[in-house]
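Working notes, structure below.
Atoms considered below: every heavy atom in the structure, side chains included; atoms not considered: hydrogens, waters and symmetry mates. Protein chains get the first letters and strands the later ones, always in sequence-line order, with residue 1 at the start of each.
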Number of protein chains: 2
Amino acid sequence: MNESSSEPGTVRPGGRTARVREAVLRAAGDALAEDGFDRLDLAEIARRAEVGKTTLYRRWGTVPGLVADMLGEMAADSLPRTETGSLDGDLTAFARLVLGTLTDTRQGPLFKALIAAATCDEQTATALHRFYRVRLDEWAPCVEAAVTRGEIPAGTDPHEVIRAVSAPLYYRLLASGDPLDEAAADRAVLVAVAAAKAGVFVA
Amino acid sequence: MNESSSEPGTVRPGGRTARVREAVLRAAGDALAEDGFDRLDLAEIARRAEVGKTTLYRRWGTVPGLVADMLGEMAADSLPRTETGSLDGDLTAFARLVLGTLTDTRQGPLFKALIAAATCDEQTATALHRFYRVRLDEWAPCVEAAVTRGEIPAGTDPHEVIRAVSAPLYYRLLASGDPLDEAAADRAVLVAVAAAKAGVFVA
DNA sequence: TCGTTAACGCAACTGGAGTCCCGTTATGAA
DNA sequence: TTCATAACGGGACTCCAGTTGCGTTAACGA
């Protein structure tokens, strides 16, 4: 709210400031994964990170602000994409990756918490959307390659295909509570491939 | 936690108690839709419902407890299913219904808040899953009818088809932030139908 | 190396969410 | 209608998340 001075951490971003930021973001991730979004207080994070809680309130202000920063960090480190030579193989690799993330003991609850945080705060929502945008851009090329190979029709929207694979897994995680297993992941891939070949994703 | 006495509202559920419950659930819905899950305090709901806040804490205990009760109520009133005579038509009606709910000024934010609450509390999560189970059961017959008509293969899992239609819409609402419009709803239907005809949902 | 000051840490403070006590209302059974 | 008591309401109290003030540390330019 104070527009006369710059945000803390921008003028002297090196050394101690960077160490504090790293420790806090890691501690926040742990705390989010363990306790969930609502049971979180910054004092707990400060203790874990061995940092004064004043620092947290001054630099990030609120829990959503901190979460938004975390998401920016997560979007920065891209994850490797496999190239198997077929759309089915590539999408299966992607689906397994998403499945692994969402069922991971630490990352699953973390993603739940991140999404919960995004529903409560506009800034966090923007950061979350940017994160998924990056993920989609990262994996879109495997769909484009399938178009080049002639597996699926020209003009197919790559983002739509990737979304179609992700969506059922997130739906199970967040809404329906149905089991998140390899069968679900593989079925999501089959659905997306069948639809793509039928030309449903052609713009 | 007090197992020696029954829950409040179970011995004298009529008259005043019922009025209080109704007023509180409505006020809670309004507050959730307007303020979101985290900015909620029971005192605010008590003011809206013109009820003492002591009553809220005594009957529901916490915000998640109240939300879980709300979800039970929402699952109770089923929503009408249209019969158009074709799988495509029925699923489009369903997709439009979901779309309408999620983009509604009041219900959209409410659902976001409900899902956020479910990620934070096990009791709420159970209530949410039950809610979607009811929804799925309600719409499954239109898939079974399509099997009977021979539109899609025998053995198709009805729930999977309905889930396939819902998932992309919820994914947009909660995760990616992509636009929630009729194009998205219609595409979700096309995807589900194409996959169903290809036999992807056969158990 | 030195000086300026950004950024941090400690501890005292504050406001409001959640609890508790006790008197009041009105439900449901006799 | 009467009575016992389930359920509600008001208000005081507690406790801790979040704030503030001020002294300390260390980043970075000269």
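Rounded to whole angstrom, the span from the CG atom of Asp38(B) across to the P atom of dA17(C) amounts to 13 Å. Atom CG of Asp41(A) and atom P of dG18(C) are 14 Å apart (whole Å). Per the geometry, CZ belonging to Arg47(B) stands 13 Å off P belonging to dG10(D), to the nearest Å. A straight line from CD of Glu50(B) to C1' of dC8(D) spans 14 Å, rounded to a whole angstrom. Distance, Trp60(A) CH2 to dG18(D) P: 15 Å, rounded to whole Å. Separating the CG atom of Leu42(A) from the P atom of dG9(C) is a distance of 14 Å, rounded to the nearest angstrom. Atom-to-atom, CG of Leu56(B) to P of dA17(C) comes out at 13 Å; the value is rounded to the nearest Å.
Residues Asp178(A) and His159(B) have side chains that never bring a donor and an acceptor to within less than 3.5 angstrom of each other. Between the side chains of Tyr132(B) and Tyr170(B), at least one donor N or O lies within less than 3.5 Å of an accepting N or O.
For Tyr57(A), taking side-chain heavy atoms from C-beta onward, the closest of the listed nucleotides dA12(D), dC8(C), dT19(D) is dT19(D). Closest contact between the side chain of Thr54(B) and the listed nucleotides dA6(D), dG10(D), dA6(C) involves dG10(D).
Using a 4.5 Å cut-off on side-chain heavy atoms (C-beta onward), Ile162(A) and Leu91(A) make contact.
Ion pairing between a basic and an acidic side chain is recognised when a charged N comes within 4.0 Å of a carboxylate O; Glu22(B) and Arg19(B) show no such pairing. Salt-bridge annotation for Arg130(A) and Glu73(A): absent, with no side-chain N of the basic residue lying under 4.0 Å from a carboxylate O of the acidic one.
Considering Val161(B), Val200(B), Leu87(B) in turn, Val161(B) is the only one that fulfils the side chain to side chain contact (heavy atoms under 4.5 Å, CB included) rule with Thr156(B). Partner of Glu34(A) under the salt bridge (Lys or Arg N to Asp or Glu O under 4.0 Å) criterion, out of Arg48(A), Arg39(A), Arg106(A): Arg48(A) alone.
For Thr55(A) (side chain) and Val51(A) (main-chain N/O), no donor-acceptor pair under 3.5 Å exists by modelled atom type. Here the side chain of Thr126(B) pairs a donor or acceptor atom with the backbone of Glu122(B) at under 3.5 angstrom.
Checked by distance alone, Thr62(A) brings no side-chain donor or acceptor within 3.5 Å of a matching partner on the base of dG18(D). In this model, no side-chain donor or acceptor of Lys53(A) finds a partner on the base of dG9(C) within 3.5 Å. One cannot find a donor-acceptor pair under 3.5 Å joining the base of dG18(C) and the side-chain atoms of Arg58(B).
Using cut-offs of 30° and 60° for the angle between ring planes, the Trp139(B) and Phe94(B) rings count as tilted.
Mapping Pro13(B) and Leu40(B) onto DNA chain C by nearest heavy atom places Leu40(B) at the nucleotide closer to the 5' end. If you find the closest nucleotide of DNA chain C to Ala43(B) and to Arg16(B), the one lying nearer the 5' end belongs to Ala43(B).
Heavy-atom distances under 4.0 Å link DNA chain C to Thr17(A), Val20(A) of residues 17-37 of chain A, given in residue order.
An angle of 50°, rounded to 10°, separates the two end axes of the helix from dT1(C)-dA30(D) to dA30(C)-dT1(D), each defined over five pairs.
Distances shown here put a side-chain N or O of Thr55(A) below 4.0 Å from the OP1 or OP2 atom of dG9(C).
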